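Just so you know, ligand 1 is whichever comes first in the structure, and atom 1 is the first atom listed for that ligand. This chain uses plain numbering: 1 for the first residue, then up along the sequence. This one's a predicted model, so the numbers in the text were calculated from it and none came from an experiment.
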Amino acid sequence: MQCDCDYVTKENEELEAHYDNCRLMWSKLHPGKPFPKNSDGSIQLPNKHLQDLDVDILYHLGLDTHNHDLPAMFGDIKFVCMGGTKHRMREFAQYMTEVLNLPNKGEKLVNLTKHSQRYAMYKVGPVLSVSHGIGIPSMTTLLQEMIKLVSYAKAKDPIFFRIGTCGGLGIPAGSVVVSSFGLNGNLEKTYDLPVLGKTRRWPAILDTRVCQEVHSMASKGDDFGTYIGGTMGADDFYRGQARLDGPFCDYSESDKMTFLKTLTNLGVRNIEMEASAFSAFTREAGIRASIVCVTFLNRLLGDQVTPSKKMLTEWQKRPMIIVGRYIAKYCEKK
Ligand SMILES: O=P(O)(O)O[C@@H]1C[C@H](O)[C@@H](CO)O1
Ligand SMILES: O=c1cc[nH]c(=O)[nH]1
């Protein structure tokens, strides 16, 4: 069986015999290097089984490759921006129509996934803004369909963002954190998933250059700080994030503080619920990606999210401002 990603097979014969494990092998041979794309910059999907499908149904998006002309609908996408809530992602789409001065500025936006009634997705110019719900399983379901979507659409070199909220470690509430790596709840820089009864692990690596470029979008005039740091993607909001205020808790405040300080010493600046998987899956797909979150509290000072709704709504705009500047700068250059 031939692997269709030419230059991998040319480099190492062993890989030809391992089409199924091609990406795994690539990551072992070239740690930290993303898997290659097609020569036109579109995403190569490594799953050979997809070739046997007449139609691929992107079930949670309510789209498919037969009834929808995906290249016509999404071929011009450059940025896929994901975040937890439908409201935030509609607001981000609206904000980007203004930032990019798009013709549909001020118009009511259409939710492109309304048939699935699961997530919400808006397209504004080169930006797709889509909600992913809470936690890794909800996010990865959406993320994998988004990866297939941009591949089928033949979108060129898309960059994926997660625009989120989080708890901060040792920085003021309302700060923005651009993630430099993902970490799981066991303090490992991997995303772990049971597959066929065995736990598999993928490195939770993010593109360093995009991280630095996004961080450089912070301005001295901002009324908030923007930091770079590692991000723990916890599988739970309460015990999984060392909180003392869930319905269950059998550890002490001092255990909690020891854990949070260990995280801080590992270079972790914030805790949310998606970073490890988001980093790992975008990397596996060879997609440049960045995670930009606003902190709702300093976890070294407490567990409850106490700021007013008005304040939290205002703070949620901060990652949008940073990512909006990055996208605007990119579009300006083109
Ligand atoms: O993007 P969001 O605000 O959903 O990110 C964090 C992580 C969880 O999804 C959620 C927990 O409140 O917020
Ligand atoms: O502490 C927090 C705040 C927001 N989201 C999280 O996952 N954790």
*Shortest protein contact, atom 3 (C) of ligand 2 (heavy atom only)*: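 For atom 3 (C) of ligand 2, the nearest protein heavy atom is C166 C, 3.3 Å.
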*Give the residue and atom name of whichever protein heavy atom lies nearest to atom 6 (C) of ligand 2, and the separation in Å to one decimal.*
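Closest protein heavy atom to atom 6 (C) of ligand 2: F237 CE1, 3.5 Å.
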*Would you check the N or O atoms of Q241, main chain and side chain alike, for any that come under 3.5 Å of an N or O of ligand 2?*
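Such a contact does occur with ligand 2.
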_Below 3.5 Å, N or O to N or O, backbone or side chain included: is there any such pair between R243 and ligand 2?_
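For ligand 2, there is an N or O atom that lies under 3.5 Å from one belonging to R243.
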Verify, without hydrogens or angle tests, whether [X] (side chain) and [Y] (backbone) share a donor-acceptor contact under 3.5 angstrom.
X: T295; Y: P172; result: yes
X: K317; Y: P319; result: no
X: K156; Y: K154; result: yes

Can you list the atoms of ligand 2 that are under 4.0 Å from a heavy atom of [X]?
X: I271; value: 6 (C), 7 (O), 8 (N)
X: L297; value: 1 (O)
X: E272; value: 7 (O)
X: G167; value: 1 (O), 2 (C), 3 (C), 8 (N)

For [X], does the [atom1] atom sit with more than 12 other heavy atoms under 6.0 Å from it, leaving out its own atoms?
X: K78; atom1: NZ; answer: yes
X: F259; atom1: CZ; answer: yes
X: M257; atom1: CE; answer: yes

_Any salt bridge linking K329 with E213? Criterion: basic side-chain nitrogen under 4.0 Å from a carboxylate oxygen._
no
Tabulate distances under 3.5 Å between N/O atoms of ligand 1 and N/O atoms of the protein, writing both atom names on each line.
residue: ligand 1; atom: 1 (O); partner: G84; partner atom: N; Å: 2.9
residue: ligand 1; atom: 1 (O); partner: R88; partner atom: NH1; Å: 2.8
residue: ligand 1; atom: 1 (O); partner: R162; partner atom: NH1; Å: 2.7
residue: ligand 1; atom: 3 (O); partner: R88; partner atom: NH1; Å: 3.4
residue: ligand 1; atom: 3 (O); partner: R88; partner atom: NH2; Å: 2.6
residue: ligand 1; atom: 3 (O); partner: T165; partner atom: N; Å: 3.4
residue: ligand 1; atom: 3 (O); partner: T165; partner atom: OG1; Å: 2.5
residue: ligand 1; atom: 5 (O); partner: R162; partner atom: NH2; Å: 3.1
residue: ligand 1; atom: 5 (O); partner: T165; partner atom: O; Å: 3.3
residue: ligand 1; atom: 9 (O); partner: E274; partner atom: OE2; Å: 2.6
residue: ligand 1; atom: 13 (O); partner: T165; partner atom: OG1; Å: 3.3

_Euclidean distance, R88 CZ relative to T313 OG1, rounded to 0.5 Å_ =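 Here the rounded value is 10.0 Å.
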*Using the ring of each side chain (for Trp, its six-membered ring), is F296 parallel, tilted or perpendicular to W315, with breaks at 30° and 60°?*
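Plane angle between 30° and 60°, so tilted.
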*Could you point out which residue of C293, S179, C81 forms a side-chain contact (heavy atoms from CB on, under 4.5 Å) with R162?*
C293
*At under 4.0 Å between heavy atoms, which part of M232 makes contact with ligand 2: side chain, backbone, both or neither?*
neither
*Is it the side chain, the backbone, both or neither of V305 that has a heavy atom closer than 4.0 Å to ligand 2?*
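Neither; no heavy atom under 4.0 Å.
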_Listed partners of P158 passing side-chain contact (heavy atoms from CB on, under 4.5 Å), at least two apart_ =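 Applying side-chain contact (heavy atoms from CB on, under 4.5 Å) to P158 gives I43, V150, F160.
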